[in-house]
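Right, one structure below, let's go through it.
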Amino acid sequence: MSEEFRLTDLEEMEAATERLLETGAKVGADSWQLRVKNQTPHCKFGEKGICCRICAMGPCRITPKAPKGICGCDAAGIVGRNYLKFTAGGGATHSDHGREICRTLYESSADGAYKVKDPEKLKKIAGEWGVETEGKDIYDLAHEMAEKALMEYGKPFGTQNWIKRAPEHTQEIWRREEIEPRAIDREVSCSLHMTHMGCSSKPEALVRQSLRMGLADGWGGSMCGTEFSDVLFGTPKPVDTEANLGVMVEENVNIVVHGHDPSLSEMVCEYADDPEMIAYAKSKGAKGITVSGVCCTSNEVAMRRGIPMAGNFLQQENVVLTGACELIVVDVQCIFPALGPLSKCFHTKFVTTSPIAQMPDSEFIRFSAKTAAENAKSIVKMAIDNFENRKPELVHIPQMKQKATVGYSVEALVKVLDGVCNTQVDTLGTTKPLIECITSGVLRGAVAMVGCNNPKVRSDKAHIELMKKLIANDIVIVASGCSAQAAAKAGLMDKRAKDLCGAGLKRVCELADIPPVLHMGSCVDISRMMILVAELAKDSGLKISQLPVVGCAPEWMSEKAVSIGNYVVSTGIDTFLGVDPYVSGSEEVSDLLTNGIRDWVEASYTVELDIEKLVDKMIERIEEKRTAIGI
Ligand code: MSK
């Protein structure tokens with residue numbers, strides 16, 4: 001391994017957190033570590049999914065003495081309903097994010113705050129959707145496409161436009177199994193209707209709708225979010241950045257963006273870069289302005305602007321605990337309400353911006369596409385004005401960061417592959433070189449690593465340890481969300497991490513000049529992974545379920561993750577979870593998810609809480625798939 005490169009290990013990260021918690025203790029701050037202790041042990045009925053409170057006759061809980069709720073619903077019905085509700089929550093959340101992006105696209109204009117940065121991608125999508133582009137002004141086209149995309153949420157008839165991107169075999173499965181996603185909002189409503197008291201209690205029906213709901217997210221709302229974000233802010237291409245708390249700069253005004261919707265973070269980055277704002281920061285005694293990110297909004301601006309990533313989900317309190325965060329501005333999703341009271345222990349301003357995510361102890365600046373420039377400017381100015389309120393005795397930024405190359409959209413990956421095989425005209429613009437690497441055995445397969453952190457798992461351990469073992473076994477990784485950030489913090493997105501790979505993957509990394517763990521974006525960008533596997537299947541002539549590819553969310557925690565899991569398995573990809581989705585209370589539902597749905601969609605879940613076993617099971621599955629297709 002190169003002398004100057006080594007991974008940051010978990011112990012170092014945990015020691016840095018401990019040091020920050022000492023500061024927290026001094027100022028009387030609460031922390032998730034303390035709250036976990038107060039909440040443990042968790043309610044067993046909740047953990048098993050056998051608590052029902054969907055009507056006011058209960059709550060009912062299933063026990064050996066009381067095997068049915070007051071309405072007569074058994075454990076399978078209760079667990080199934082809870083699972084579907086969980087999925088609907090996640091699908092609604094992702095899809096509403098996608099809707100906001102479509103609305104931002106609708107507000108784009110040549111002289112406004114939001115412009116179309118990738119007109120070619122817009123035209124390509126218009127072509128797919130049968131919209132005439134010839135001779136049209138790009139903003140007229142943007143508005144037309146935004147309206148069409150918004151109709152995907154409520155169209156009275158038909159199914160999602162994006163599903164036509166899937167291989168014919170996959171579409172046929174979705175038709176046959178009656179899980180083709182219709183209008184996105186319809187699938188959310190239908191799910192909530194099915195789970196109302198006195199509607200569905202048959203596990204098959206509830207699980208089937210969970211898959212359909214997931215597909216409306218992954219091949220609907222999330223895909224709108226990803227594709228139209230690319231149109232507005234540019235399709236990501238490889239860019240260098242850094243990750244972990246050491247990206248915050250003590251001498252600078254530190255602004256942290258957190259949440260998911262890039263409409264806000266893009267504008268904040270834009271104004272933080274404005275020479276007028278930098279001069280203003282200098283006039284207040286700072287050397288400059290540093291914007292860094294947490295969670296998926298961080299992934300968004302890292303992929304397009306190289307903005308550094310301060311951390312992932314369970315590190316959100318740490319950025320405030322550094323004492324050097326002037327302002328943390330949030331949009332939607334995965335934001336701890338704890339940030340409000342925590343910021344009051346420091347000089348930090350906690351700014352909420354969306355009517356969807358309003359929290360106590362925050363300053364609310366209502367952000368909208370129409371007033372974006374003015375909103376972003378006032379947020380940056382508020383941070384600068386707050387610099388002089390810092391308490392120097394509380395400032396401590398752990399000097400810990402790693403280099404990372406991020407921004408591997410499907411388009412960027414295909415371009416990288418073109419660069420490697422530039423003499424073979426027939427593979428240009430395809431995933432064929434990647435398929436050749438897999439069929440020849442240079443690569444054994446690929447794993448999509450996604451999802452959050454969860455205090456039930458030692459933070460980041462599962463992400464990092466699994467990735468290390470997979471790359472050592474010549475399995476390439478595409479990562480998104482907080483899993484991607486765990487990899488970046490450890491150093492696995494540094495190209496020099498190739499030295500940790502098996503000989504085959506190392507060779508591929510050298511030839512293609514890529515890191516072994518490829519950053520594909522935020523949670524909505526798992527839709528990119530769906531497009532990638534669809535292309536791999538079309539280019540190889542195999543079914544998606546035959547590809548030696550699996551998905552894994554080892555530390556997931558959010559409803560969105562369950563929705564994701566459902567669309568990933570429904571697309572034909574075996575999915576491995578390191579945290580149980582509250583279904584252990586029903587053997588019938590557990591068996592359907594881990595076994596029965598394979599008859600419907602050619603893939604299923606594996607739930608394994610022991611991460612050593614989890615990774616071995618993934619490798620085993622990949623090898624089984626290789627054997628099955630004779631490679
Ligand atoms: S931010 S959903 S903690 S990946 Fe997308 Fe991270 Fe999970 Fe939120």
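On a predicted model such as this, the values are computed, not experimentally measured, just so you know. Counting convention: from 1, in listed order, for ligands and their atoms alike.
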Within a radius of less than 6.0 Å around [atom1] of [X], do more than 12 heavy atoms belonging to other residues, nucleotides or ligands occur?
{"X": "Lys117", "atom1": "NZ", "value": "yes"}
{"X": "Arg35", "atom1": "CZ", "value": "yes"}
{"X": "Tyr106", "atom1": "OH", "value": "no"}
{"X": "Lys237", "atom1": "NZ", "value": "no"}

task = Please write down residue, atom name and distance for the protein heavy atom closest to atom 1 (S) of ligand 1.
result = His260 NE2, 3.2 Å
ask   = Is it true that Lys344 and Glu363 make a salt bridge, defined as a side-chain N closer than 4.0 Å to a carboxylate O?
value = no
remark   = Counting only protein N, O or S atoms and ignoring waters, those under 2.8 Å from atom 7 (Fe) of ligand 1 are Cys452 SG
inquiry  = Hydrogens and angles aside, do Gln402 and Lys489 bring a side-chain donor and acceptor to less than 3.5 Å of each other?
reply    = no
